[in-house]
2 protein chains.
Amino acid sequence: MATSRTDPLTLEVVELIGTVVARYYEEYEQAAARHALTGAQARVLGLLALDPLPMRHIAQKLRCEPSNITGIVDRLEARGLVERRPDPDDRRVKLAVPTDEGLDTARRLRDSLGFAREPLGELTETERTLLRDLLKRMLGVDVA
Amino acid sequence: MATSRTDPLTLEVVELIGTVVARYYEEYEQAAARHALTGAQARVLGLLALDPLPMRHIAQKLRCEPSNITGIVDRLEARGLVERRPDPDDRRVKLAVPTDEGLDTARRLRDSLGFAREPLGELTETERTLLRDLLKRMLGVDVA
DNA sequence: TATTGTTATACTCTATAACTATA
DNA sequence: TATAGTTATAGAGTATAACAATA
């Protein structure tokens, strides 16, 4: 709790965060487009590159309805970036698994995401450490 | 210029920013939905609440094609939140102007945007000042 | 009965191209 | 001819509801 409602400083920080969000989002969409992917497709592929997931879990991670994932994975599968595999433990479940090409695309996508790497270059290591800890506290992550 | 390419600290900050972006975006969409608006409609209305704009300028601000704005403003106009007014200086131009109800909706929308106000409450004033200056430097804004 | 994934449907956002009315 | 806004079109994402297969 704190008394930070609508004071000018808080409003200024909120606006700056809005700017960061807009810039990050735009760069993410552009990076996805350079790989002929939509933002949603890139997010799903990036998720699966970390760990194959049942369709329903993808929806939970992306906070959307499971029915949407069907179409997105359909398009990734048509591109040869993802495969659907049956779950031997529960035949209702289908696991979405990235192919080798999918993993490669996900890696290149990640590497090409210049944002926040390039602008972060403006900051010294001390400043980046400071920023990291402030963001962590803001997000409610325990700072050891 | 700096040597911050893929060092663990930079990657950690990039990931934290990604988390901030995801949370902010989601909260924005939810706030818009509470006012029965889509995200795009809320962004246009919020923009016009600051200053009425010609259709084309809205597209420039949102970085999308002008043809998209036609539909978005159509829907806002159908809801009585925005009006199209002729520009007396150039009869090709239409100014999108928020109605009183539109201004009121924009204000309530802005006030209901809890994000970054609530989590920012976790930070002291000194920390918020620090965060502000770090974000400004990151974004290439001159810090006086 | 409950759950997983899909299909069907409708709406919105998006880019592209062609059109109109002005300039 | 150039520009502002619109229309037409097609593709993609989204939520909702209903469905088949499996649990």
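Between A:K94 and D:dA21, a side-chain N or O to OP1/OP2 separation shorter than 4.0 Å is absent.
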- request: With side-chain contact (heavy atoms from CB on, under 4.5 Å) as the test, would you mind laying out the steps for A:R79 and A:R75 before giving the verdict?
  value: CA-CA 6 Å; A:R79 292 265 311 270; A:R75 282 161 221 127; 5.7 Å; no

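Remark: P of C:dC13 and CG of B:L62 are 11 Å apart, rounded to the nearest angstrom. Computed from coordinates, the A:M55 CE to D:dA21 C1' distance equals 15 Å when rounded to whole Å. D:dT7 atom C1' lies 11 Å from atom CG of B:D74, rounded to whole Å. One atom, CD1 of A:I69, and another, C1' of D:dG13, lie 10 Å apart when rounded to the nearest Å. Regarding B:Q41, its CD atom lies at a distance of 14 Å from the P atom of C:dC11, rounded to whole Å. Between the P atom of D:dA4 and the CD1 atom of B:I58 lies a distance of 13 Å, rounded to the nearest Å. In this entry the distance linking CD of B:E29 with P of C:dT12 reads 14 Å, nearest Å. Separating the CD atom of A:E26 from the P atom of C:dC13 is a distance of 18 Å, rounded to the nearest angstrom.
Residues A:T38 and A:E29 fail the side-chain proximity criterion, which asks for heavy atoms closer than 4.5 Å. Inter-residue side-chain proximity for A:V82 and A:T99 is flagged as unmet; no heavy-atom pair is nearer than 4.5 Å. Put simply, the side chain of B:L103 does not reach to within 4.5 Å of the side chain of B:L81, judged on heavy atoms. By the 4.5 Å heavy-atom criterion applied to side chains, A:L135 and B:E15 are not counted as neighbours.
For A:T70, whose side chain is taken as the heavy atoms from C-beta onward, the closest listed nucleotide among C:dT7, D:dT7, C:dC13 is C:dT7.
Ionic pairing of B:D111 and B:R107 is present here: one or more N-O contacts between side-chain nitrogen and carboxylate oxygen are shorter than 4.0 angstrom.
Nearer the 5' end of DNA chain D, as judged by each residue's closest nucleotide, is the contact made by B:L53, out of A:G71 and B:L53.
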- prompt: Quick one: what's the B/S/- string for nucleotides 15-23 of chain C, heavy-atom cutoff under 4.0 Å, read 5' to 3'?
  reply: BBB----BS

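At a threshold of 4.0 angstrom between heavy atoms, the contacts of B:R84 are confined to the sugar-phosphate backbone, with no base atom among them.
With B:E127 contributing its side chain and B:T124 its backbone, the two residues share a donor-acceptor pair below 3.5 Å.
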